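As structure tokens, the structure follows; a few thoughts come after it.
From a predicted model like this one, the values you see are computed outputs, not experimental measurements. Read the numbers this way: they start at 1 and go in the same order the structure lists the ligands and their atoms. Heads up: numbering here begins at 1 and tracks the sequence.
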Amino acid sequence: MPLVTTKEMFKKAYEGRYAVGAFNVNNMEIVQGITEAAKELNSPLILQVSAGARKYANHTYLMKLVEAAVAETGLQIALHLDHGADFEICKSCIDGGFTSVMIDGSHHSYDDNIALTKKVVEYAHAHGATVEGELGQLAGIEDDVNVSAEDASYTKPEQVEDFVTRTGVDSLAIAIGTSHGAYKFKPGHKAELRFDILEEVERRLPEFPIVLHGASSVAPEFVETINKYGGKMPDAVGIPEEMLRKAANMAVCKINIDSDLRLAMTAAVRKHFAENPGDFDPRAYLAPARDAIKNMVKHKITDVLGCENKL
Ligand code: G3H
Ligand code: 13P
Ligand code: ZN
């Protein structure tokens, strides 16, 4: 089974009222933990790679790791570029075997976003890949782009039909109040997502797959473990899982999760060293980190995304 695009996955997810998890990968243990979880639960899967991940691990290494996971598990996996900043990185990923790319033109003007996204769509579709575009801006840090909460802006539903028609994108990321990283709401502020915007987008774009970025839940147990064993993550807070379940039951077909994997992995490594201060074999601490990733992904698939047994 070769890598697949997101096309069929999203069609089934839309009809079945669930979402597919898009998990960020940076090394072998992360790829293994995620794919073992999806295999055990018979779940569709998107693995996504940021520019930072490509810089850290190298395109070819990541490509080969994902190909190894496909060979090992027989899973249907889409390999996706996360937050492509320009045409060149999208082209490079498509040429290098990715089946899907995101072109993130959301910080450009509306017309420039359309022109850039359309150019990527033309190239991607000519080469059998799918494209995710974005309208509206999330707060948080992606590689070198740091969007402050003040500069973040919700998606304007009145733009979505025009954007999708003029660009030809296969899916659309929207901003409804989620944000990247582990500090999503200020201490004391109630977590709130603009479901009214999502509803209006769904009404205007029937049967069109919507994507949610910045969707980690930042479970207190991991933050507590990190803080207990020498870490310092004050006031970390994420998106309540019931809100993500609600979104997955609407037009949202792809939910992006990275920070929750980082937290699970870091908590496991910190705990391991606290309990085994003499250890210096990387396998000793990376094995529990990989198990933590696997458990986190199983939890997401069964309790949040609803994509168990959807292959
Ligand atoms: O949205 C961003 C992802 O969490 C990737 O983060 O750019 O640090 O790899 P990164
Ligand atoms: P989190 O930081 O909430 O995990 O979001 C990840 C993401 O949106 C990747 O594109
Ligand atoms: Zn993102």
Side-chain angles (χ1 to χ4, degrees), residues 6 19-27 30-31 33-34 45-59 61-62 78-86 89-90 93 98 100-107 131-149 152-153 155 171-185 191 193 210-220 222-223 226 233 236-241 243-244 247-248 252-267 292-293 296-297 299-300 304-305:
T6 55
V20 180
F23 300 97
N24 287 70
V25 296
N26 292 279
N27 70 6
I30 297 175
V31 171
I34 297 167
L45 181 63
I46 299 168
L47 294 179
Q48 57 187 15
V49 168
S50 69
R54 273 176 111 222
K55 210 186 296 175
Y56 171 76
N58 170 299
H59 179 96
Y61 278 90
L62 291 169
L79 180 55
H80 175 80
L81 168 67
D82 193 24
H83 293 287
D86 51 36
I89 190 170
C90 293
C93 286
F98 282 33
S100 181
V101 293
M102 174 191 191
I103 176 68
D104 183 354
S106 58
H107 36 269
V131 179
E132 173 185 325
E134 179 165 322
L135 268 179
Q137 271 190 276
L138 275 69
I141 302 168
E142 299 150 8
D143 284 322
D144 302 330
V145 185
N146 184 356
V147 180
S148 70
S153 56
T155 302
S171 60
L172 182 68
I174 63 169
I176 59 167
T178 61
S179 65
H180 291 106
Y183 302 89
K184 298 190 191 292
F185 300 99
L193 294 189
I210 299 303
V211 177
L212 265 199
H213 283 248
S216 279
S217 293
V218 190
F222 293 102
V223 177
I226 289 170
M233 297 198 66
V237 54
I239 312 291
E241 289 188 336
M243 292 189 183
L244 298 167
V252 171
C253 295
K254 172 174 180 270
I255 291 190
N256 285 11
I257 297 162
D258 187 5
S259 296
D260 279 345
L261 302 182
R262 296 178 181 196
L263 290 166
M265 204 169 186
T266 301
I293 294 265
M296 171 60 72
V297 173
H299 163 66
K300 295 288 177 186
V304 179
L305 302 159

Exercise for the section: Please identify which atoms of ligand 2 are closer than 4.0 Å to at least one heavy atom of His213. Expected result: 8 (O), 10 (O)
Exercise for the section: Measure the distance from atom 3 (O) of ligand 2 to every protein heavy atom, then report the residue, atom name and distance (to 0.1 Å) of the closest one. Expected result: Lys184 NZ, 2.6 Å
Exercise for the section: Record the part of Ala215 in heavy-atom contact with ligand 2 below 4.0 Å; permitted values are side chain, backbone, both and neither. Expected result: backbone
Handout entry: Name of the His213 atom (N/O/S only) found closest to the Zn ion (ligand 3)
Key = ND1
Exercise for the section: Kindly say whether His213 contributes a backbone atom to a donor-acceptor pair with the side chain of Thr178 at under 3.5 angstrom? Expected result: yes
Handout entry: Part of His83 with heavy atoms under 4.0 Å of ligand 1, whether side chain, backbone, both or neither
Key = side chain
Exercise for the section: Classify the contact between Lys55 and ligand 1 as side chain, backbone, both or neither, using a heavy-atom distance cut-off of under 4.0 Å. Expected result: neither
Handout entry: Nitrogen or oxygen atoms of Asn24 and ligand 2 under 3.5 Å apart
Key = no
Problem - Rounded distance (nearest 0.5 Å) linking atom CD1 of Ile257 with atom CZ of Phe23 - result: 4.5 Å
Practice task
Nearest 10° is fine: what angle sits at the Zn ion (ligand 3) between NE2 from His83 and NE2 from His180?
Solution key: 100°
Practice task
Just need the protein heavy atom nearest to atom 10 (O) of ligand 2, so name the residue and atom and give the distance.
Solution key: Asp82 OD2, 2.7 Å
Handout entry: Donor-acceptor under 3.5 Å (Asp260 side chain, Val218 main chain)
Key = yes
Problem - Sub-4.0 Å atoms of ligand 2 with respect to non-hydrogen atoms of Asp258 - result: 4 (O), 6 (C)
Problem - Any donor-acceptor N/O pair, Asp86 side chain to Ile89 backbone, under 3.5 Å - result: yes
Handout entry: Min side-chain heavy-atom separation Met265-Asn27 under 4.5 Å
Key = yes
Problem - Within-4.5 Å side-chain heavy-atom neighbours: Leu263 and Met233 - result: yes
Practice task
Mind telling me whether His180 and His83 have parallel, tilted or perpendicular rings, with 30° and 60° as the class edges?
Solution key: perpendicular
Practice task
Could you tell me which atoms of ligand 1, counted from 1 in the order shown, lie closer than 4.0 angstrom to a heavy atom of Ser50?
Solution key: 5 (C), 7 (O), 9 (O), 10 (P)
Practice task
Starting at CD of Glu132, measure out to CG of Asp82 and round the result to the nearest 0.5 Å.
Solution key: 7.5 Å
Practice task
Check ligand 1 against Asp258 and write out every atom of the ligand that is under 4.0 Å from a heavy-atom position of the residue.
Solution key: 3 (C), 4 (O), 5 (C), 6 (O)
Fill in the blank from the handout: The atoms of ligand 2 lying under 4.0 Å from a heavy atom of His83, numbered in the order shown, are 10 (O)
Exercise for the section: Below 4.0 angstrom from a heavy atom of Ile257, which ligand 2 atoms are there? Numbered from 1 as shown, please. Expected result: 4 (O)
Exercise for the section: Could you see which bit of Asp82 sits under 4.0 Å from ligand 1, with heavy atoms only: side chain, backbone, both or neither? Expected result: side chain
Handout entry: Those atoms of ligand 2 less than 4.0 Å from some heavy atom in His180
Key = 2 (O), 5 (O), 6 (C), 7 (C), 8 (O), 10 (O)
Problem - Nearest non-hydrogen partners of Ser100 and His80, listed with the distance - result: OG-ND1, 2.8 Å
Exercise for the section: Measure the CG-CG distance between Leu62 and Leu47 for me, rounded to the nearest 0.5 Å. Expected result: 10.0 Å
Practice task
Would you check whether Arg262 has a nitrogen or oxygen atom less than 3.5 angstrom from a nitrogen or oxygen atom of ligand 1?
Solution key: yes
Exercise for the section: Tell me which one of Ser259, Gly214, Ser216 gets a heavy atom nearest to atom 5 (O) of ligand 2. Expected result: Gly214
Exercise for the section: Examine Asn26 against ligand 1 and note whether any of their N/O atoms are separated by less than 3.5 Å. Expected result: no
Problem - Heavy atom of Gln48, distance to ligand 1 below 4.0 Å - result: no
Handout entry: Backbone N/O of Leu135 and side chain of Thr155: donor-acceptor pair under 3.5 Å
Key = yes
Practice task
Please answer whether the main-chain N or O of Ala219 pairs with a side-chain N or O of Ser217 as donor and acceptor at a distance below 3.5 Å.
Solution key: no
Problem - Non-hydrogen atom of Gln48 closer than 4.0 Å to ligand 2 - result: yes
Handout entry: Sub-4.0 Å atoms of ligand 1 with respect to non-hydrogen atoms of Asn24
Key = 3 (C), 5 (C)
Handout entry: Under 3.5 Å: donor-acceptor pair, side chain of Lys184, backbone of Ser179
Key = yes
